[in-house]
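As a basis for the values below, the full set of heavy atoms in this structure was taken, side chains included, without hydrogen atoms, waters or symmetry mates.
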Amino acid sequence: LLPALQDLQQVMVSGPNLNETSIVSGGYGGTAEGIIPTSTIKGSGLHQPHAGPAVGGEEVVRGIAVEKFDIVKKWGINTYKCTKQLISERFGRGSRTVDLELETQIELLRETKRKYECVLQLARALTNHFYSLVQTQHALGDAFADLSQKSPELQEEFGYNAETQKLLCKNGETLLGAVNFFVSSINTLVNKTMEDTLMTVKQYETARLEYDAYRTDLEELSMGPRDASTVCRLEAAQGQFQSHKDKYEKLRADVAIKLKFLEENKV
């Protein structure tokens with residue numbers, strides 16, 4: 001059960017955002033139950049106080065509360081159905097929609113990304129070490145040049161070594177620039193291009209789970225008795241199933257296109 005719950009955390013969408021709506025000021029917490037005194041002396045009489053927008057404010061607040069409750073209710077139902085479907089798949093009791101070709105390509109992409117991440121890590125280590133080597137060669141060349149000025153008897157030998165180190169340093173800087181370009185290109189491929197494709201894959205996997213959950217729900221309702229209430233529930237389930245089917249097919253097409261473009265542009 002624990003692996004199933006861990007997988008559920010990876011593929012389930014986040015909970016509802018209850019901050020999407022805002023509370024309109026007024027209503028609850030107002031003064032004197034929403035009555036705003038506006039007594040003003042005019043001549044020898046007083047104006048009667050006028051009723052504030054308490055009733056309208058309460059209706060707005062009530063409407064927002066109902067809206068948030070509906071959001072939580074829909075999210076709860078969706079989470080329950082997907083949890084049930086995932087556990088059923090884990091224990092071999094539920095059917096799962098499988099696109100063998102697409103899932104093979106996805107697994108190959110994940111494996112390739114892991115290998116490229118290893119290459120990227122090694123290339124960055126090489127860059128750091130080689131940068132230190134070039135800096136050491138530069139300092140050694142300066143030391144030989146200084147000794148050639150202060151040691152006339154070995155001026156030629158120290159001068160030759162100084163020029164050699166400077167040449168090595170110059171070629172090292174050229175190689176270091178090439179390695180940096182390689183690291184930058186691999187980093188873009190792994191952490192931007194491949195990661196973007198895998199984000200779409202995660203959305204596709206979530207849509208696949210929801211699609212199967214609502215498909216199972218529709219199949220169970222279709223096998224039950226056909227009374228008036230069941231027919232209404234069946235129609236609602238059919239609409240929800242079609243909505244999730246469209247979403248699943250769209251994301252499947254998006255993943256296929258991104259995998260194709262990634263393969264074409266990888267070289």
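- L126 and L122 fall into different hydrophobic clusters, where Ile, Leu, Val, Met, Phe, Trp and Tyr side chains are chained together by heavy-atom contacts under 4.5 Å.
- Looking at every heavy atom in both residues, A237 comes nearest to D217 through CB-OD2, 4.3 Å.
- At a threshold of 4.5 Å between non-hydrogen side-chain atoms, the residues Y248 and D212 do not count as touching.
- Side-chain N or O atoms of T112 include one that pairs as donor or acceptor with a backbone N or O of L108 at under 3.5 Å.
- Proximity of L102 to L259: side-chain heavy atoms (C-beta onward) are separated by under 4.5 Å at one or more points.
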Practice task
Evaluate the side-chain contact (heavy atoms from CB on, under 4.5 Å) criterion for residues K166 and K170: first the C-alpha distance (whole Å), next the side-chain angles of each, then the deciding distance (0.1 Å), finally the verdict.
Solution key: CA-CA 6 Å; K166 288 180 180 179; K170 181 180 179 181; over 6 Å; no
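- A salt bridge is defined here as a Lys NZ or Arg NE, NH1 or NH2 lying under 4.0 Å from an Asp or Glu carboxylate O, and K258 with D196 meets this definition.
- Between H138 and Q165, every side-chain heavy-atom pair lies at or beyond the 4.5 Å cut-off.
- With ring centers used as reference points, H244 lies 6.0 Å or more from Y211.
- No side-chain heavy atom of V190 sits less than 4.5 Å from a side-chain heavy atom of V119.
- Taking 4.0 Å as the cut-off between side-chain N and carboxylate O, R233 and E220 do not count as a salt-bridged pair.
- Residues Y160 and F158 fall into different hydrophobic clusters, defined by Ile, Leu, Val, Met, Phe, Trp and Tyr side chains chained together at heavy-atom separations under 4.5 Å.
- D254 has a carboxylate O that lies under 4.0 Å from a charged side-chain N of K250, or vice versa, which qualifies the two as a salt bridge.
- Comment: K260 does not engage E263 in a salt bridge, judged by the lack of any side-chain N to carboxylate O separation of less than 4.0 angstrom.
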Exercise for the section: Please report the C-alpha distance between N180 and F130 in whole Å, then the side-chain angles of each, then the deciding distance to 0.1 Å, and finally whether the side-chain contact (heavy atoms from CB on, under 4.5 Å) criterion is met. Expected result: CA-CA 11 Å; N180 280 331; F130 196 72; over 6 Å; no
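- A distance-only check finds a donor-acceptor pair linking the side chain of R215 to the backbone of S95 [under 3.5 Å].
- Taking both residues in full, the closest heavy atoms of N191 and N187 are given as ND2-OD1, 2.6 Å, listed atom of the first, atom of the second, then distance.
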Exercise for the section: Show the numbers, then the answer: is there a side-chain contact (heavy atoms from CB on, under 4.5 Å) between T197 and V255? Expected result: CA-CA 7 Å; T197 303; V255 170; 5.6 Å; no
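- Residues F182 and I186 have side chains in contact (heavy-atom distance under 4.5 Å, counting atoms from C-beta outward).
- Both I106 and Y116 sit in one connected hydrophobic cluster of ILVMFWY residues. Membership requires side-chain heavy atoms under 4.5 Å apart, directly or through other members.
- How far CG of N171 is from CG of L176: 12.5 Å, rounded to the nearest 0.5 Å.
- Clustering ILVMFWY residues whenever any of their side-chain heavy atoms sit less than 4.5 angstrom apart, transitively, puts V179 in the very cluster that holds L189.
- Between L234 and L218 the shortest side-chain heavy-atom distance falls below 4.5 Å.
- Using a 4.5 Å heavy-atom threshold, the side chains of C169 and E173 count as touching.
- One finds no salt bridge joining E117 and R124 here, because no Lys/Arg side-chain nitrogen approaches an Asp/Glu carboxylate oxygen to under 4.0 Å.
- Contact detail for S148 and G159: the closest heavy-atom pair is CB-N, 3.7 Å.
- Each of R208, R252, R96 was compared with E103 under the salt bridge (Lys or Arg N to Asp or Glu O under 4.0 Å) criterion, and only R96 meets it.
- Ion pairing of E205 with R110 is present here, as a side-chain N (NZ or NE/NH1/NH2) and a carboxylate O approach within less than 4.0 Å.
- With S184 contributing its side chain and F181 its backbone, the two residues share no donor-acceptor pair below 3.5 Å.
- Between D142 and D146, every side-chain heavy-atom pair lies at or beyond the 4.5 Å cut-off.
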Exercise for the section: Walk me through it: do E210 and T206 pass the test side-chain contact (heavy atoms from CB on, under 4.5 Å)? Expected result: CA-CA 6 Å; E210 292 176 342; T206 300; 4.1 Å; yes
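- T104 contributes atom OG1, which lies 12.5 Å from atom CG of L109 (distance to the nearest 0.5 angstrom).
- L168 and L133 fall into different hydrophobic clusters, where Ile, Leu, Val, Met, Phe, Trp and Tyr are joined by side-chain heavy atoms under 4.5 Å apart, directly or via other members.
- When all heavy atoms of A162 and A145 are compared, the closest pair comes out as CB-N, 3.6 Å.
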Handout entry: Derivation and outcome, side chain to side chain donor-acceptor pair (under 3.5 Å), residues D246 and Q242
Key = CA-CA 6 Å; D246 294 340; Q242 188 61 44; 3.1 Å; yes
